[in-house]
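Proteins get letters first, then strands, A, B, ... in listed order; numbering begins at 1 in each.
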2 protein chains.
Amino acid sequence: MQNPSETPPGRWERLPSWLLTQTAGHAHRLVADGFSSVGARGYHYRLLATLDDFGPASQATLGRRSGIHASDMVATINELADRELVERAPDPADRRRNIISLTDAGKQQLRRLEKRLAERQDELLAPLSPEERQRLTELLSRLLDHHNQRTGTPEEPWS
Amino acid sequence: MQNPSETPPGRWERLPSWLLTQTAGHAHRLVADGFSSVGARGYHYRLLATLDDFGPASQATLGRRSGIHASDMVATINELADRELVERAPDPADRRRNIISLTDAGKQQLRRLEKRLAERQDELLAPLSPEERQRLTELLSRLLDHHNQRTGTPEEPWS
DNA sequence: GCACGATCATTGGTGGCACCAACGATTCGG
DNA sequence: CCGAATCGTTGGTGCCACCAATGATCGTGC
């Protein structure tokens with residue numbers, strides 16, 4: 001947010017939504033810096049982690065599992081495939097699909113990202129005691145679950 | 001985040017940074033929807049509120065007070081001035097400056113935005129008890145203060 | 001009194017994330 | 001077998017937060 005050398009508390013400064021978006025901004029900056037130190041960004045991590053968790057899959061499936069939109073998935077895979085962290089192969093059983101899989105270099109990269117990520121969690125929560133960290137994550141989880149339920153994220157209700 | 005009908009907890013799903021950015025996403029969506037229902041967005045509210053709090057000022061000053069970057073300030077003021085919510089007049093005492101001031105229509109709009117904003121805070125915190133809301137905002141404030149201190153926001157240290 | 005450095009408004013970019021609409025190709029279901 | 005659904009892809013949108021550069025104007029130090 002730049003350099004507000006003249007910041008007596010704007011009237012919005014203590015609103016929950018502001019506190020949330022601002023701390024999230026710091027969190028995002030911390031994590032993104034960690035990722036970018038190895039030439040990656042959030043989508044890359046999410047895709048690599050999803051592949052590692054569930055194994056090779058089509059782009060559409062990966063999109064559903066990782067929460068990355070199909071149209072963003074294309075670019076993400078392109079970027080990872082260019083660096084050979086991921087492999088894109090046609091599915092012989094369904095010619096509409098590509099099967100994406102993790103390469104060894106991709107697994108290595110994932111481990112690097114995981115390490116950076118963990119470090120940054122600690123930086124993020126630095127001013128809080130272990131009990132406070134616990135309470136914060138619990139409260140945030142409750143909020144998130146509530147709003148995820150309300151807003152889509154149907155978790156296969158109709159299947 | 002679209003419609004992840006196939007979302008068994010990604011390994012990152014309980015990380016503090018994830019909880020934070022996701023809940024912030026919901027918070028932002030809620031507030032932005034409220035704002036857009038009267039044709040505004042976050043920058044508009046912040047600018048109007050800053051003008052209301054401190055009175056007319058130059059664009060540079062407004063930028064410092066509201067945390068909006070100078071280059072974004074131009075567009076924001078253009079948009080508000082087009083709708084006559086704000087007035088841009090040359091400063092006779094310094095021809096580099098424009099003096100921006102709130103019109104009556106602008107004040108009205110601000111009141112509308114404030115109302116929407118308050119409603120959305122409540123929606124955002126719906127699943128939490130009053131005490132829990134209190135604890136959450138306290139924890140977030142601590143986090144935010146810590147990181148604001150670390151990252152710029154010098155609050156006029158050298159003057 | 002004047003040159004130099006700072007400040008101001010403005011333009012035109014960048015990046016990350018999350019979306020949407022539309023398309024051709026392919027597959028599936030009735 | 002035909003229409004509906006799915007898949008990958010392209011090329012947009014919006015919001016927020018930045019950066020660099022430019023021409024005008026101001027203020028200060030000498």
| message | Given dG16(C), dC19(D), dA18(C), identify the nucleotide with an atom nearest to the side chain of Tyr43(A). | response | dA18(C)
| request: Could you check which of dT10(C), dA9(C), dG8(D) has an atom nearest any side-chain atom of Arg97(A)? | output: dG8(D)
| field | Rounded distance (Å) that lies between atom C1' of dA5(D) and atom CG of Asp94(A) | value | 12 Å
| request: Could you state the atom-to-atom distance from CD1 of Ile77(B) to C1' of dT11(C) in whole Å? | output: 15 Å
| remark: The residue, Ile99(B) or Asp72(B), whose nearest nucleotide of DNA chain C is more 5′ is Ile99(B)
| From dA18(C), dC16(D), dG8(D), nucleotide with atom closest to Gln22(B) side chain | dA18(C)
| message | Can you measure Leu62(B) atom CG to dC8(C) atom P for me and round it to whole angstrom units? | response | 11 Å
| If you draw a 6.0 Å radius around CD in Glu79(A), do more than 12 non-hydrogen atoms from other residues or ligands fall strictly inside? | yes
| task | Starting from P on dC8(C), measure out to CG on Asp91(B) and report it in whole angstrom. | result | 11 Å
| Exceeds 12 heavy-atom contacts within 6.0 angstrom, atom CD of Glu84(A) | no
| said: Under 4.0 Å, counting only non-hydrogen atoms across every strand here, what does Gly42(B) touch: a base, just sugar-phosphate, or nothing? | reply: sugar-phosphate
| field | Selection from dT25(D), dT9(D), dC20(C) that lies nearest to any side-chain heavy atom of Asn98(A) | value | dT9(D)
| Side-chain donor-acceptor pair present, Gln109(A), Arg112(A), cut-off under 3.5 Å | yes
| remark: Winner on side-chain proximity to Arg41(A), out of dT10(C), dT26(C), dG16(C), is dG16(C)
| message | Distance check needed: dA17(D) C1' versus His26(A) NE2, whole Å only. | response | 12 Å
| query | Does any N or O donor sit under 3.5 Å from an N or O acceptor when you compare the side chain of Arg95(B) with the base of dT25(D)? | reply | no
| task | Measure from the side chain of Ala70(B), starting at C-beta and using heavy atoms only, and say which of dT10(C), dC26(D), dC8(C) lies closest. | result | dT10(C)
| query | Can Arg14(B) and Ser141(A) be counted as having a side-chain donor-acceptor contact under 3.5 angstrom? | reply | yes
| query | Rounded to whole angstrom units, what separation is found between the CG atom of Asn148(B) and the P atom of dA17(D)? | reply | 12 Å
| field | Contact under 4.0 Å: His28(B) side-chain N or O vs dC16(D) OP1/OP2 | value | yes
| query | To the nearest Å, how far apart are Leu20(B) CG and dC17(C) P? | reply | 15 Å
| message | Between Arg88(A) and dT9(D), is there a contact of a side-chain N or O with OP1 or OP2 at under 4.0 Å? | response | yes
| query | Between dA24(D), dA9(C), dT27(C), which nucleotide has the shortest distance from any of its atoms to the side chain of Arg96(B)? | reply | dA24(D)
| field | Whether over 12 other heavy atoms sit under 6.0 Å from Asp104(B) CG | value | no
| Euclidean distance, atom NE2 of residue His69(A) to atom C1' of dC7(D) [Å, nearest integer] | 12 Å
| So with a 6.0 Å cut-off around CD of Glu123(A), is the heavy-atom count from everything else above 12? | yes
| query | Does Gln59(A) put a side-chain nitrogen or oxygen below 4.0 Å from OP1 or OP2 of dT9(D)? | reply | yes
| remark: By nearest-nucleotide position on DNA chain C, the 5'-leaning member of Ala93(A) and Ala32(A) is Ala32(A)
| request: Test for a donor-acceptor pair under 3.5 Å between the base of dC20(C) and the side chain of Ser71(A), counting only N and O atoms. | output: yes
